[in-house]
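Okay, structure first, notes after.
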Amino acid sequence: QVQLVESGGGLVQAGGSLRLSCAASGSIRSNYFMGWFRQAPGKEREFVAAIHWTGPMRYYAPSVKGRFTISRDNAKKMGYLQMNSLKAEDTAVYYCAASSSPNYYRDYGFQETYPYWGQGTQVTVSS
């Protein structure tokens, strides 16, 4: 079992930055990967970014590429999402998720891939 807890959300002006953190506990093995998703009011949950727990590959949604950076600290069992140049349309509840699916490179963008989820943290960007 894996437990995930997000933190770092808040209110920020457009153009500003926030760093979200995801604390993982439980059995995180080397074949796991972590994803960030977000859900805006009235919209479907959507993929934001993903990173393999030990591999080099990182993936981003086109809407955040170049502005957001996903990273991890294996020793601390922490995942991060650095968000720069924030826009009003980035306003959403952000969730971190974890999976050990062997098809990471194919399935990282689908929420069905991830059995473990945090409770979410609110990010509000004022324009």
Item to check | side chain to side chain donor-acceptor pair (under 3.5 Å) partners of residues 93-111, not counting sequence neighbours, each pair once | outcome: Arg38-Tyr94
Next on the checklist: So, taking the atom named CZ in Arg19 and the one named CE in Met83, what distance separates them when rounded to the nearest 0.5 Å?
Outcome noted: 11.5 Å
Checklist entry - Is Leu18 reachable from Tyr60 through a run of hydrophobic residues whose side-chain heavy atoms are each under 4.5 Å from the next? => result yes
Checklist entry - Excluding sequence neighbours, so at least two apart, what forms side-chain contact (heavy atoms from CB on, under 4.5 Å) with Ala14? => result Val125
Checklist entry - salt bridge (Lys or Arg N to Asp or Glu O under 4.0 Å): which pairs involve residues 116-127, sequence neighbours left out? => result none
Checklist entry - Under the side-chain contact (heavy atoms from CB on, under 4.5 Å) test, which residues partner Ala40, sequence neighbours left out? => result Lys43, Ala92
Item to check | For Trp117, ring-ring contact (aromatic ring centres under 6.0 Å, His included) partners two or more places apart | outcome: Phe37
Item to check | Of all pairs that satisfy disulfide (SG to SG under 2.5 Å), the ones with a partner from residues 30-87, not counting sequence neighbours | outcome: none
Checklist entry - Looking only at heavy atoms, what is the nearest atom pair of Val2 and Ala98, with distance? => result CG1-CB, 4.5 Å
Checklist outcome for this item: For Leu4 and Met34, the nearest pair of non-hydrogen atoms, with its separation, is CD2-CE, 4.5 Å
Checklist outcome for this item: Correct closest heavy-atom pair for Trp36 and Glu6 would be CZ3-CG, 4.0 Å
Item to check | Test side-chain contact (heavy atoms from CB on, under 4.5 Å) applied to Lys87 - qualifying residues, sequence neighbours left out | outcome: Arg67, Glu89, Asp90
Item to check | Contact list for residues 79-127, test disulfide (SG to SG under 2.5 Å), sequence neighbours left out | outcome: Cys22-Cys96
Next on the checklist: According to side chain to side chain donor-acceptor pair (under 3.5 Å), does anything in residues 70-84 pair up with another residue at least two apart or in another chain? List the pairs.
Outcome noted: Ser17-Asn84, Arg72-Asn74, Gln82-Asn84
Checklist entry - Would a hydrophobic clustering, with Ile, Leu, Val, Met, Phe, Trp and Tyr connected at side-chain separations under 4.5 Å, put Val64 with Phe47? => result no
Checklist entry - Is Val48 reachable from Val93 through a run of hydrophobic residues whose side-chain heavy atoms are each under 4.5 Å from the next? => result no
Checklist outcome for this item: d(Ile28 CD1, Gln3 CD) to nearest 0.5 Å is 9.0 Å
Checklist outcome for this item: residues 54-90 vs disulfide (SG to SG under 2.5 Å), sequence neighbours excluded, gives none
Next on the checklist: Show the nearest heavy-atom pair for residues Tyr114 and Ala50, with the distance to one decimal.
Outcome noted: OH-CB, 3.8 Å
Next on the checklist: Connecting only ILVMFWY residues whose side-chain heavy atoms lie within less than 4.5 Å of each other, what is the rest of Phe110's hydrophobic cluster?
Outcome noted: none
Item to check | Residues, nucleotides or ligands: over 12 heavy atoms within 6.0 Å of Glu44 CD | outcome: no
Next on the checklist: According to a hydrophobic-cluster definition based on side-chain heavy atoms being under 4.5 Å apart (Ile, Leu, Val, Met, Phe, Trp, Tyr only), do Tyr59 and Leu20 belong together?
Outcome noted: no
Item to check | Which atom of Tyr116 lies closest to which atom of Gln1, heavy atoms considered | outcome: CE2-OE1, 3.4 Å
Checklist entry - Do you know the tightest heavy-atom contact between Ser30 and Thr54? => result O-OG1, 3.0 Å
Checklist entry - Quick one: side-chain contact (heavy atoms from CB on, under 4.5 Å) partners of Ser126, sequence neighbours excluded? => result Leu11, Gln13
